[in-house]
Amino acid sequence: ADRFGLLGLLNVIQMTNPALWSNAALCHLALRDHLGCVEASTQALELLVQQPGTGPTQAKAYLRRGASRVEIKELLGALADFESALRLLPGDKTIQADCNKVKARLRRHEADRHYKARELELAEDLYSQAIELDPAETKARSNRTACLLLLTRYAECIEEATKCIEALGGEGEEKARVQALVRRGAAHAKLGAYACGVEDYKEALGLKEDSKVRLDMENMENEMAQQL
């Protein structure tokens, strides 16, 4: 009876040990079990907030939960976690960067809604804000090029598309690269720089064949021939 009582006591101690929950959260995060990480981090935080002097440990739990929330697209919850961690560790540049990345994604999602509603100037401004928060936010850059092209701000479209193309290049990014090339090529053509437009379209077609892009490129080539 004493043995079973001791085992029961050990189980209680383990369940009320925030370090074990925090370490479990880290394991869940490493294994990409994000729901498990959120649950374990929450358990750790519920225990830690009752203990004075645990600020740094609380920050770790917030960061782990925030990272998992990003992965499961709970962006508002992730931002709240990162901001809580930053309050506990003020001035931490890595945590500030995490906050900015989440804020950038939220701005991009807001901009996407305005873009679909054809509120192009508002969408473009929000995409710009997202890029300012996180210059590596290539989806915001790509979507901003679409806005700039539709707003007939062709020189800015070329500049933004160039930055987007330079940032892309990894596997799985061919679609975004094609979009940026086509938009930059179209902007070049609108400014009468048909040779640059054709070059961009050829590169895009080399990545993915598209009958409309090819037809547009042929029209550019005809315009070039007429200029000679």
Side-chain angles (χ1 to χ4, degrees), residues 70-71 73 75-76 78-79 96-228:
V70 168
E71 294 300 324
K73 296 182 171 58
L75 296 182
L76 289 173
L79 180 58
Q96 184 63 65
D98 288 336
C99 286
N100 288 346
K101 286 178 182 179
V102 177
K103 287 178 181 178
R105 286 180 64 173
L106 287 167
R107 294 285 171 82
R108 171 166 59 82
H109 290 167
E110 184 181 357
D112 289 343
R113 291 192 291 271
H114 289 292
Y115 180 81
K116 289 176 182 177
R118 283 298 182 260
E119 298 167 344
L120 298 176
E121 291 185 357
L122 181 54
E124 187 277 325
D125 181 60
L126 288 166
Y127 286 132
S128 295
Q129 291 178 35
I131 294 164
E132 186 174 352
L133 284 163
D134 180 15
E137 183 36 274
T138 54
K139 289 183 179 179
R141 287 193 183 280
S142 178
N143 293 350
R144 182 170 182 255
T145 62
C147 287
L148 293 169
L149 186 61
L150 291 170
L151 290 167
T152 68
R153 291 160 58 180
Y154 301 125
E156 291 176 79
C157 178
I158 292 167
E159 180 182 0
E160 190 65 90
T162 300
K163 291 178 181 177
C164 187
I165 292 164
E166 289 171 351
L168 294 168
E171 292 184 10
E173 295 181 323
E174 289 84 359
K175 181 180 177 181
R177 188 175 180 84
V178 167
Q179 288 177 332
L181 285 165
V182 169
R183 289 166 185 163
R184 187 174 71 175
H188 276 306
K190 290 292 186 180
L191 294 175
Y194 296 112
C196 293
V198 168
E199 184 179 342
D200 281 340
Y201 273 43
K202 282 183 178 178
E203 186 174 346
L205 288 167
L207 293 169
K208 182 182 178 182
E209 181 60 38
D210 185 295
S211 58
K212 184 180 184 305
V213 172
R214 185 165 293 280
L215 179 60
D216 288 344
M217 184 184 71
E218 290 172 355
N219 289 335
M220 284 186 207
E221 290 173 332
N222 290 335
E223 292 289 343
M224 285 174 57
Q226 293 177 18
Q227 286 182 345
L228 296 177

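These values consider heavy atoms only, across backbone and side chains, with no hydrogens, waters or symmetry-generated copies.
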Note: L79 and C99 closest approach over all heavy atoms is CD1-O, 3.9 Å
Value for SG (C147) from CD (E119), rounded to nearest 0.5 Å, stands at 11.0 Å
Heavy-atom closest pair (A146 atom, Y115 atom, distance to 0.1 Å) is CB-OH, 3.8 Å
One should read off an interatomic distance between K212 NZ and L215 CG, to the nearest 0.5 angstrom, of 7.5 Å
dist R184:CZ -> L149:CG (nearest 0.5 Å) comes out at 13.0 Å
Sorted by chain and number, sequence neighbours left out, side-chain hydrogen bond (donor to acceptor under 3.5 Å, both in side chains) with D134 holds for none
Carboxylate-amine/guanidinium proximity below 4.0 Å for E203 and R177
yes
Q) Do we see a donor-acceptor contact under 3.5 Å between the side chains of D125 and Q129? A) yes
Between the CG atom in L122 and the CG atom in L126, the distance rounded to the nearest 0.5 Å is 5.0 Å
Check: Q179 and K175 side chains under 4.5 Å, non-hydrogen atoms: yes
With sequence neighbours left out, the residues meeting side-chain hydrogen bond (donor to acceptor under 3.5 Å, both in side chains) with D112 are Y127, N143
Polar side-chain atom of R141 near backbone of P135 as donor-acceptor pair, under 3.5 Å
yes
Say whether, by atom type as modelled, one donor and one acceptor occur between the side chain of S128 and the main chain of E124 under 3.5 angstrom. yes
Rounding to 0.5 Å, atoms CG (L207) and CG (L181) come to a distance of 6.5 Å
Answer yes or no: is there an ion pair linking E137 with R107, defined by an N-O contact shorter than 4.0 Å? no
Any donor-acceptor N or O pair under 3.5 Å, side chains Q96, N100 = yes
Query - Any side-chain heavy-atom pair of L151 and E156 under 4.5 Å - result: no
Interatomic distance, CG@L191 vs SG@C196, rounded to 0.5 Å, equals 10.0 Å
Quiz item: Tell me, do L205 and R214 make a side-chain contact under 4.5 Å, heavy atoms counted?
Solution: yes
Note, D98 side chain near V70 side chain (heavy atom, < 4.5 Å) | no
On a heavy-atom basis, the closest approach of A204 and V178 is O-CG2, 3.9 Å
Sorted by chain and number, sequence neighbours left out, side-chain hydrogen bond (donor to acceptor under 3.5 Å, both in side chains) with E199 holds for none
Nearest heavy-atom approach of V213 to Y201 is O-CD2, 3.3 Å
Sorted by chain and number, sequence neighbours left out, salt bridge (Lys or Arg N to Asp or Glu O under 4.0 Å) with K163 holds for E159
Margin query: Atom CD of residue position E209 - does it have more than 12 heavy atoms of other residues, nucleotides or ligands inside 6.0 Å?
Written below: yes
The single option from H188, R183, M217 that satisfies side-chain contact (heavy atoms from CB on, under 4.5 Å) with D200 is H188
Applying side chain to side chain contact (heavy atoms under 4.5 Å, CB included) to R113 and not counting sequence neighbours gives H109, E110
Applying side chain to side chain contact (heavy atoms under 4.5 Å, CB included) to E132 and not counting sequence neighbours gives none
Heavy atoms of I165 and A180 approach each other most closely as CG1-CB, 3.6 Å
